[in-house]
Amino acid sequence: MDRLSMSDKKQAIVKATWDYLLKVGLANASIGDLCKEAKLAQSSLYYWFENKDDIWISAGKYGISRVVGELLDFTFAHINDIRKYFDTLLSEVEKYKYEIRLAIQITTSPVYGERMREKSKDFRLLYENYAKQLISVFGCTHLQAETFIYSIIAYVIDYALWDDPDKTQMLLDKLYVRTIKVVGEEVTIQN
């Protein structure tokens with residue numbers, strides 16, 4: 001870790017913290033065990049972070065960013081085949097189900113939730129950029145793009161929490177029908 005830049009060191013700690021939280025869960029996490037697992041001195045953690053809450057919240061934000069990025073990449077990789085996107089989304093979400101559950105746990109926690117939500121407000125900008133891309137590709141309205149984005153988010157969270165693929169696929173199929181009504185069967189990306 002000595003060869004990493006300052007921001008890379010902090011990012012490496014955040015990633016290691018996220019991996020640790022995935023392994024043990026938020027309820028079982030301790031700074032001492034994190035330091036053993038990541039081979040860090042507690043003093044170095046507090047050099048980078050204000051306190052324990054800041055460490056867990058930073059890791060949560062990292063985890064959400066990672067999952068959102070992966071799922072957005074998946075979405076845009078399937079933009080020319082909307083049917084395939086809707087048919088394979090749950091398989092893709094399955095890869096991140098535990099990460100989504102942990103992110104939800106941190107975000108809704110009575111201890112960390114409010115600060116986590118405050119620290120994660122920049123996700124709205126990410127969703128706004130995503131909406132602009134959808135508008136550009138599909139020629140839909142801003143409201144239609146936002147409805148699509150927030151519906152997908154709700155369905156992904158519902159699936160991650162309740163693990164009911166039949167119900168979630170039914171909801172996705174209904175969203176597919178609404179989406180097709182807006183964008184048509186064939187989508188060709190204009191370069």
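Heads up: numbering here begins at 1 and tracks the sequence.
With salt bridges taken as basic N to acidic carboxylate O contacts below 4.0 Å, none links Arg178 and Asp173. The existence of a salt bridge linking Asp19 and Lys15 is confirmed by a sub-4.0 Å separation between a basic side-chain nitrogen and an acidic carboxylate oxygen. Checked for salt-bridge contact, Glu118 and Arg115 miss the test: no charged N lies under 4.0 Å from a carboxylate O.
The number of heavy-atom neighbours closer than 6.0 Å to OH of Tyr98, taken from other residues, nucleotides and ligands shown, is 12 or below.
Of the inter-residue distances, the one linking Ile180 atom CD1 with Ile82 atom CD1 reads 4.5 Å to the nearest 0.5 angstrom. Atom CD1 of Ile153 sits about 10.0 Å away from atom CZ of Phe123, to the nearest 0.5 Å. For the atom pair Leu90 CG and Glu92 CD, the distance stands at 10.5 Å (nearest 0.5 Å). Note that CG of Leu34 and NZ of Lys36 are 11.5 Å apart. Values are rounded to the nearest 0.5 Å. Interatomic distance, Ile152 CD1 to Tyr127 OH, rounded to the nearest 0.5 Å: 12.0 Å. In this structure, CG in Leu45 is found 6.0 Å from CD1 in Ile13, a value given to the nearest 0.5 Å.
Judged by the 6.0 Å distance and 45° axis criteria, Lys10 is positioned over the aromatic ring of Phe49.
Annotation for Arg117 and Thr107: closest pair NH1-O, 2.5 Å, computed over non-hydrogen atoms. The heavy-atom pair separating Met116 from Ile57 by the smallest distance is SD-O, 3.5 Å. Smallest separation of non-hydrogen atoms from Leu161 and Arg101: O-NH2, 4.2 Å. Ile100 and Ala160 get closest at one heavy-atom pair: CG2-CB, 3.4 Å. Residues Cys35 and Gln42 share a closest heavy-atom pair of SG-CG, 3.4 Å.
In terms of hydrophobic clustering, with Ile, Leu, Val, Met, Phe, Trp and Tyr side chains grouped at heavy-atom distances under 4.5 Å, Ile149 and Val156 are assigned to a common cluster. Cluster annotation: Leu26 is connected to Ile104 through the hydrophobic network of ILVMFWY side chains, with a link wherever side-chain heavy atoms come within less than 4.5 Å.
When atom types are taken as modelled, the side chain of Ser136 and the backbone of Lys132 share no donor-acceptor pair closer than 3.5 angstrom.
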Test side-chain contact (heavy atoms from CB on, under 4.5 Å) on Leu89 and Tyr159; report intermediate values, then the result. CA-CA 11 Å; Leu89 180 60; Tyr159 176 67; over 6 Å; no
Decide side-chain contact (heavy atoms from CB on, under 4.5 Å) for Asp33 and Val24; before the verdict, give the C-alpha distance in whole Å, the side-chain angles of both, and the deciding distance to 0.1 Å. CA-CA 10 Å; Asp33 289 344; Val24 304; over 6 Å; no
Show your reasoning for whether side-chain contact (heavy atoms from CB on, under 4.5 Å) applies to Ile55 and Trp48. CA-CA 9 Å; Ile55 295 166; Trp48 296 106; over 6 Å; no
Criterion side-chain contact (heavy atoms from CB on, under 4.5 Å) on Trp56 and Val111, from CA distance to verdict: CA-CA 11 Å; Trp56 301 151; Val111 176; over 6 Å; no
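Applying the side chain to side chain donor-acceptor pair (under 3.5 Å) test to residues at least two apart or on different chains, none of the pairs has a partner in residues 146-157.
Proximity of Tyr176 to Gln169: side-chain heavy atoms (C-beta onward) are nowhere separated by under 4.5 Å.
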Scan the side chains in residues 137-145 for donor-acceptor partners under 3.5 Å anywhere in the protein, sequence neighbours excluded, and list what turns up.
| from | atom 1 | to | atom 2 | distance (Å) |
| --- | --- | --- | --- | --- |
| Thr141 | OG1 | Gln144 | N | 3.0 |
| Thr141 | OG1 | Gln144 | OE1 | 3.2 |
| His142 | NE2 | Glu128 | OE1 | 3.3 |
| His142 | NE2 | Glu128 | OE2 | 2.7 |
| Gln144 | OE1 | Thr141 | N | 2.8 |

Which donor-acceptor pairs under 3.5 Å do the side chains of residues 58-75 make with protein atoms, sequence neighbours left out?
| from | atom 1 | to | atom 2 | distance (Å) |
| --- | --- | --- | --- | --- |
| Ser58 | OG | Asp54 | O | 2.8 |
| Ser58 | OG | Asp54 | OD1 | 3.4 |
| Ser58 | OG | Lys119 | NZ | 2.8 |
| Lys61 | NZ | Lys119 | O | 3.3 |
| Lys61 | NZ | Asp122 | OD1 | 3.4 |
| Lys61 | NZ | Asp122 | OD2 | 3.1 |
| Ser65 | OG | Lys61 | O | 3.0 |
| Arg66 | NE | Glu99 | OE1 | 3.2 |
| Arg66 | NH2 | Glu99 | OE1 | 2.7 |
| Arg66 | NH2 | Glu99 | OE2 | 2.5 |
| Glu70 | OE1 | Tyr96 | OH | 3.3 |
| Thr75 | OG1 | Leu71 | O | 2.9 |
| Thr75 | OG1 | Tyr85 | OH | 3.2 |

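Between the side chains of Gln133 and Asn129, no donor-acceptor pair is found at a separation under 3.5 Å.
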